[in-house]
Participant: 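The structure is given below, and queries will be raised subsequently.
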Amino acid sequence: MEKEVKIAVIGQGYVGLPLALAFAQHFPVVGFDIKESRVAELQQGVDLTKEVDESQLKVSMFTYTNSGGIKGYKPSTSISDIADANIYIITVPTPINQFNAPDLSPLKSSSKLVGSVLKQGDIVIYESTVYPGCTEEECIPVLEETSKLVFNRNFYVGYSPERINPGDKINTLENIVKVTSGSTPAVADEIDELYRTIIKAGTHKAPSLKVAEAAKVIENAQRDVNISFVNELALIFDRLGIDTQDVLEAAGTKFNFLKYKPGLVGGHCISVDPYYLAHKAIQVGYYPDVILSGRRVNDEIPVFIASKVVKLMIQKGIDVSRSRVLLLGIAFKENCPDTRNTKVAKIYEELVSYGIEVDVYDPWVNPVEVNREYGIEVMTTEEELREHRYLRTDHRYGLMPSPYNAVLLMTAHKEFKEIDVRELINEPGIIYDAKAVLDRGIVDARL
């Protein structure tokens, strides 16, 4: 880069923090977040998302402080710390509302914040997943209105979609090809060059902002549709009395068979982003049948699992209304603390609606955040599990031992593969494996 660069990354979550630290090896970077508790933990060198090496975090902060800002990282909640930046990268969440419509409020709020400090020649790059056209239709007008500057005359915009895979230590930021784009050809070149300083796998320069936006949103929509197909197969094969995993293993011997597995589709990407594309499609007069049908199938799976377990309990003569069930895992994926939009919460709600007493054990998650978001108490240590496993208060007999009537493996954390699930069960009991990772001989059913 010919000009002196100072970067402000807005949002320090799963996407923003790894990006900020990668750039901090070359430039001075301020990681801005409105959540004071998040910034406080980062200032202590702690990352509860477990996405970055905490030693790298501490070194980057030390470098920034002791080099006078030549390079390094500084987490902050202060707008004054980002006022002298000349490249702003926005990595805030793009959720959906209760009607499955895009909620652009975080994106617009961050655009307004950046607009308040935007200066002549600055570049704003969006990484948040949106529908094609959103940056130009929704974000740029906010930047212009707040800054009183003119787009593509006084300031410029780029779009480079995030491709973070939470919990993945192999396919990291630097090892995934980065799609880039800019609002003018010259700015597109400059943004592409900027990202090439940190992306070992290389970059792909898209011809427009809209193309880059569309490329990102279809990545997740494609996965959602493919998973919905095998989830629908699971629903069909359950009625036929066939094990879905057996069928997939047999079909997988064909050289061109795509080896997707059925499962719960949660998280911030696959279960949310397709609604952004569907929203835009409907706006332009096309109803996206395939995309939305895939969403409907995937959203059925939590109810299917809960009802399947209840049926199995009844078949074994278990009094469902007096039963206890243990859910192993509430994070939406294995070996990761991410609980955003986890579908395990829906399974919990369904089981509780039958009058079942449900416990949740997950050593990876933050129990305070889970309780705040879902109202669910989570055990995070083996000691807590042992205590809850054997003690139950009965209104007639007081405190009494009571192992679980059913154990459901929801998340394939490495810790769960070492647990003897049979020891948790009060026979006759049910073991349900939603991830197909337990010994086939001990499970009563699997997805």
Side-chain angles (χ1 to χ4, degrees), residues 95-100 223-245 248 260-272 274-275 278 289-316 318-321 323-333 339-360 362 370 373-376 378 404-412 429-436 443-447:
I96 52 177
N97 62 22
Q98 66 268 36
F99 306 110
N100 292 330
R223 291 167 64 201
D224 194 43
V225 169
N226 281 328
I227 295 171
S228 75
F229 172 66
V230 291
N231 274 339
E232 189 163 69
L233 294 180
L235 298 175
I236 295 170
F237 294 149
D238 177 71
R239 287 161 173 77
L240 295 175
I242 304 172
D243 186 280
T244 305
Q245 299 296 331
L248 294 176
Y260 282 87
K261 292 185 177 182
L264 297 170
V265 182
H268 184 65
C269 292
I270 307 180
S271 59
V272 173
Y275 287 119
D289 289 291
V290 173
I291 293 171
L292 291 178
S293 68
R295 284 278 72 242
R296 287 193 296 272
V297 170
N298 286 339
D299 282 344
E300 279 186 49
I301 297 302
V303 176
F304 165 75
I305 290 176
S307 61
K308 177 70 174 181
V309 169
V310 169
K311 289 176 184 177
L312 291 170
M313 291 169 71
I314 293 171
Q315 289 170 8
K316 286 199 175 184
I318 298 170
D319 183 349
V320 174
S321 64
S323 64
R324 297 184 74 206
V325 169
L326 174 65
L327 301 181
L328 291 176
I330 193 169
F332 88 89
K333 67 183 298 186
T339 59
R340 292 175 295 174
N341 202 30
T342 176
K343 300 307 177 184
V344 182
K346 179 62 176 177
I347 294 175
Y348 177 94
E349 293 172 4
E350 287 291 317
L351 292 173
V352 168
S353 73
Y354 285 97
I356 298 172
E357 181 182 334
V358 184
D359 286 344
V360 180
D362 194 319
V370 174
E373 181 68 23
Y374 302 105
I376 298 174
V378 180
Y404 295 104
N405 302 105
V407 174
L408 284 65
L409 180 72
M410 296 284 95
T411 314
I430 301 298
I431 297 176
Y432 187 91
D433 184 4
K435 304 299 290 185
V443 301
D444 295 273
R446 55 184 184 173
L447 187 60

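Heads up: numbering here begins at 1 and tracks the sequence.
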Participant: Start with the C-alpha gap between V370 and V360, add the side-chain angles, then the distance that decides, and say whether side chain to side chain contact (heavy atoms under 4.5 Å, CB included) holds.
Facilitator: CA-CA 11 Å; V370 174; V360 180; over 6 Å; no
Participant: How about S228 and R296: do any of their side-chain heavy atoms sit closer than 4.5 Å?
Facilitator: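 When only atoms from C-beta onward are counted, R296 and S228 do not touch, as no gap falls below 4.5 Å.
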Participant: Can you tell me if R295 uses its side chain to pair, donor with acceptor, with the backbone of I291 under 3.5 Å?
Facilitator: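 Absent.
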Participant: Between V407 and L328, does a side chain to side chain contact (heavy atoms under 4.5 Å, CB included) hold up when you go through it step by step?
Facilitator: CA-CA 7 Å; V407 174; L328 291 176; 3.7 Å; yes
Participant: Might you confirm whether atom NZ of K311 has over 12 heavy atoms from other residues, nucleotides or ligands at distances under 6.0 Å?
Facilitator: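 Count not over threshold, so no.
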Participant: May I have the step-by-step check of side chain to side chain contact (heavy atoms under 4.5 Å, CB included) for D238 and F304, ending in yes or no?
Facilitator: CA-CA 10 Å; D238 177 71; F304 165 75; 3.5 Å; yes
Participant: State the CG-CG distance between D433 and L409, to the nearest 0.5 angstrom.
Facilitator: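 Answer for the CG-CG pair, D433 versus L409, is 5.0 Å.
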Participant: Rounded to the nearest 0.5 Å, what separates atom CG in L326 from atom CG in L351?
Facilitator: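 Going from CG on L326 over to CG on L351, the span is 11.0 Å.
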Participant: Is there a donor-acceptor contact under 3.5 Å from the side chain of D362 to the main chain of A331?
Facilitator: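 Yes.
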Participant: Determine whether a donor-acceptor pair (N or O, by modelled atom type, separation under 3.5 Å) exists between the side chain of Y374 and the backbone of N341.
Facilitator: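 Yes; judged by distance alone, with no hydrogens or angles, the pair exists.
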Participant: Evaluate whether atom NZ of K346 has more than 12 neighbouring non-hydrogen atoms of other residues, nucleotides or ligands under 6.0 angstrom away.
Facilitator: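 At most 12 heavy atoms, drawn from other residues, nucleotides or ligands, come within 6.0 Å of this atom.
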Participant: Taking N231 for the side chain and N298 for the main chain, is one N or O donor matched with an acceptor at less than 3.5 Å?
Facilitator: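 Not a single qualifying donor-acceptor pair exists.
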